[in-house]
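Residue numbers start from 1 in every chain, and the chains themselves are labelled A, B, ... in the order their sequence lines are given, proteins ahead of strands.
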There are 2 protein chains.
Amino acid sequence: MAKEDHKKSEQSKSGQKKLSDHECEGCKLNSTKQTPYNELISLGKSVVQDINKGKNPKIELSVRGLSNVFYDKEAKTLALGDKTAQRFFFNVAHTKKFLQTIEVASICKNLLDSMKHASLRDVFYMAKRTIPNTKINIVDDQKETDKAIEDLEIITDFSRECLHVNANKMGSVAGKVIIEDSGDTIDWSKLGSGGWSIPSNVEEIKFKKVDAKYVVYMEKAAVWERLHEDRFWNKQNCIIMSSQGQTTRGIRRLLQRLSVEHDLPILVLTDFDSWGHYIYSVIKFGSISLAHMAEEMAIPKAKFLGIRAGDIEKYGLQKHFIKLNEQDIARLKQLSEYEWFKNSKQWQQEFKMMKQFGAKAEIQALSARGISFISDKYLPEKIKNQDWIE
Amino acid sequence: MAKEDHKKSEQSKSGQKKLSDHECEGCKLNSTKQTPYNELISLGKSVVQDINKGKNPKIELSVRGLSNVFYDKEAKTLALGDKTAQRFFFNVAHTKKFLQTIEVASICKNLLDSMKHASLRDVFYMAKRTIPNTKINIVDDQKETDKAIEDLEIITDFSRECLHVNANKMGSVAGKVIIEDSGDTIDWSKLGSGGWSIPSNVEEIKFKKVDAKYVVYMEKAAVWERLHEDRFWNKQNCIIMSSQGQTTRGIRRLLQRLSVEHDLPILVLTDFDSWGHYIYSVIKFGSISLAHMAEEMAIPKAKFLGIRAGDIEKYGLQKHFIKLNEQDIARLKQLSEYEWFKNSKQWQQEFKMMKQFGAKAEIQALSARGISFISDKYLPEKIKNQDWIE
């Protein structure tokens with residue numbers, strides 16, 4: 001296999017593999033025009049050079065964590081600052097982490113070599129072995145390999161998906177979109193009641209046709225099934241996407257690609273509660289732990305569609321209020337102090353109202369108005385009136 | 001709309017609905033040749049008759065819960081006994097439940113009428129309203145409508161899917177299978193890296209072509225992605241299916257339909273731990289809370305493929321042992337005393353070994369042997385040798 005490039009595997013109908021050009025969308029975001037493969041090789045070479053020169057081998061990387069994360073007002077996302085740190089092999093405080101980073105880099109290189117993808121858990125087991133003639137394991141806990149993978153994201157400036165390490169798989173999508181993926185042509189409008197199952201890694205899918213004006217992303221699969229049964233995506237010319245609770249990296253990247261590559265507004269639909277607001281916050285602004293991935297993950301153009309405080313009275317949802325508990329109140333306070341929410345009048349209004357209500361409400365409370373009220377009235381009205389928070 | 005039958009909605013490409021004959025697979029399991037619609041009408045009529053005769057309106061139904069659940073040795077599933085109970089309207093202990101059952105029956109009738117499906121949460125909100133001139137809500141908690149739906153399953157002898165109430169949506173599937181669903185023809189072998197997203201309700205899908213020797217069901221989506229990337233289903237001529245942890249009713253029914261309608265062995269692949277064993281137990285024998293649904297849900301022909309105690313030594317998984325905690329030990333004891341496991345030498349051997357090991361192991365520990373060890377060696381060997389528990 002050619003080592004100078006990171007090649008993509010494509011599966012033919014017979015299950016045979018063939019090579020094609022490198023087509024990872026995540027990789028294209030790297031400004032240096034390098035490939036993940038080259039970056040890993042460079043890392044290895046620099047360590048070998050240090051050794052040959054009799055120097056203490058070192059890895060240099062940006063500091064992660066709160067002390068080096070800031071809200072980039074221009075990009076409107078969380079971002080990593082410019083603090084860097086050096087990790088040395090001959091330093092009792094560094095040596096294990098140094099070894100782990102190199103070990104995981106080697107695993108990623110092998111994955112790229114063999115054109116296969118692994119989960120975080122797989123990588124942990126692949127790294128987990130005892131150093132010969134000692135009783136010391138290279139890793140004892142998945143947290144260690146997870147951290148090493150995040151370090152490699154920073155060192156190489158490629159996402160772990162580009163390094164062939166996948167996140168969780170979850171979620172469904174439907175709409176008038178045709179994609180190519182692993183040699184198959186897939187029409188998201190012709191997949192029955194189930195829809196397309198979103199993979200953990202969406203870097204290599206290609207959009208062939210996107211006939212939609214916007215995307216509605218919802219946290220609840222049951223709401224997705226409601227909209228899908230009502231053919232909402234067909235009537236409104238949009239894409240509907242959901243997970244089940246957690247918004248996986250695969251889903252965030254798919255939303256982001258539709259936002260960036262096809263300029264589609266991403267409308268987020270959650271419960272009227274702090275968890276829903278947090279889901280939105282992560283989608284739009286990114287998260288502290290993934291601040292270094294903002295370019296691949298954050299969606300500054302995402303809009304919050306609902307449930308909004310104003311919907312409560314308008315659609316008579318007060319009777320379906322659920323009282324805030326202590327945790328809800330603490331979370332609400334926390335969210336209202338986020339830098340990106342602090343200066344937003346609209347968000348402060350949402351938080352103030354929730355505090356006044358002393359209550360939250362679920363999206364499914366709309367079903368009390370009729371099973372298809374959400375598809376026939378609530379969403380079309382809101383979208384027509386652009387009743388969302390930018 | 002014709003009221004004498006429960007009609008199915010089919011969606012045409014333009015999003016228009018048309019009626020077709022009743023094609024719900026779950027309904028076909030009802031021995032009386034009744035329809036869910038008729039059963040609900042009968043329930044209503046009997047209450048009206050009681051009222052007209054000046055009698056205390058009553059509903060008769062089988063008792064649920066442990067006192068009326070037994071292990072049916074012939075069917076090899078959990079089943080409901082013949083204890084019945086009567087619920088009266090004029091009885092302070094019964095009246096609220098009586099009202100809730102009738103209210104939810106009316107909601108289900110409306111769902112069938114409008115050819116739409118609702119989630120459990122939707123049904124709760126549809127039932128949740130205040131009785132006029134009182135401060136009493138028909139329901140205050142989703143548990144109440146959930147119970148009412150289970151009661152209606154028993155009263156009508158139709159599953160809640162047949163009554164158009166859906167469970168959670170989760171899971172993916174791939175294989176050389178062609179189905180028809182909601183007017184679309186879907187080829188499970190041509191859906192890229194994602195696969196088909198399994199809907200919450202699979203009663204109305206039709207199998208057009210099933211080219212597979214068996215089904216592998218796994219609890220972990222990451223393992224599914226591994227097998228899918230390796231085109232395991234193509235090389236081994238099988239179907240691969242997964243959820244993410246929890247096995248939803250939609251997945252159980254899909255597995256059961258493939259077992260019953262296509263006589264495919266269902267091979268269950270989980271971690272070597274009590275949670276994995278419990279997942280298998282529910283798939284094969286059913287569960288106490290759904291004992292009345294054994295015919296639709298239990299899969300007596302399901303086989304436990306692994307991870308088995310014998311695999312631990314054979315594949316060197318001891319180094320990846322995870323120590324049992326107190327909860328694990330309690331759960332292990334509980335499982336080993338289940339009637340259907342108590343008399344199985346093979347299962348008692350598994351439990352004994354786990355106790356001896358004092359440890360559990362994860363399926364992904366196989367990745368320590370190589371990323372595709374599971375697809376290239378572990379599974380093909382086990383399946384060739386029929387190394388499973390019947």
(message) With chain B as the partner, which of Ala167(A), Pro199(A), Ser172(A) has the greatest number of non-hydrogen pairs under 4.5 Å?
(response) Pro199(A)
(message) For the backbone of Ala222(A) and the side chain of Arg121(B), can you confirm whether one donor and one acceptor N or O come within less than 3.5 Å of each other?
(response) no
(request) Name the region of Glu180(B), side chain, backbone, both or neither, that has any atom closer than 4.5 Å to a heavy atom of chain A. (result) neither
(message) Heavy-atom cut-off 4.5 Å, strictly under: side chain, backbone, both or neither for Ile322(A) against chain B?
(response) side chain
(message) Measuring from atom OG of Ser193(A) to atom CG of Asp184(B), what distance do you get when rounded to the nearest 0.5 angstrom?
(response) 9.0 Å
(message) Assess, by modelled atom type and distance only, whether the side chains of Ser197(B) and Ser197(A) contain a donor and an acceptor separated by less than 3.5 Å.
(response) no
(request) Look only at the side chain of Trp196(A) and the backbone of Trp196(B), and say whether a donor-acceptor pair between them is shorter than 3.5 Å. (result) no
(message) Whether the side chain of Lys169(A) engages the backbone of Trp224(B) through a donor-acceptor N/O pair (distance < 3.5 Å, no angle test) should be reported.
(response) no
(message) Does any part of the side chain of Ile371(A), heavy atoms only, come nearer than 4.5 Å to the side chain of Met126(B), both counted from C-beta?
(response) yes
(message) For the interface with chain A, which of Ser372(B), Ala118(B), Ala221(B) has the highest count of heavy-atom pairs at distances below 4.5 Å?
(response) Ser372(B)
(request) Indicate yes or no for a side-chain donor-acceptor contact from Asp122(B) to the backbone of Ser367(A) under 3.5 Å, with no hydrogens or angles considered. (result) no
(message) Keeping Arg226(B) on the side-chain end and Ser119(A) on the backbone end, is there a donor-acceptor pair under 3.5 Å?
(response) no
(request) State, without any angle test, whether Ser200(B) and Glu225(A) hold a side-chain donor-acceptor pair at a distance under 3.5 Å. (result) yes
(request) Without swapping roles, check the side chain of Asp181(B) against the backbone of Gly192(A) for a donor-acceptor pair under 3.5 Å. (result) no
(message) In the structure I gave you, are the side-chain heavy atoms of Leu191(B) and Leu191(A) within less than 4.5 Å of one another anywhere?
(response) yes
(message) Does either side chain, that of Lys319(A) or that of Thr130(B), offer a donor lying less than 3.5 Å from an acceptor on the other one?
(response) no
(request) Name the region of Lys128(A), side chain, backbone, both or neither, that has any atom closer than 4.5 Å to a heavy atom of chain B. (result) both
(message) Using a 3.5 Å distance criterion without hydrogens, assess whether the side chain of Glu229(A) forms a donor-acceptor pair with backbone atoms of His117(B).
(response) yes
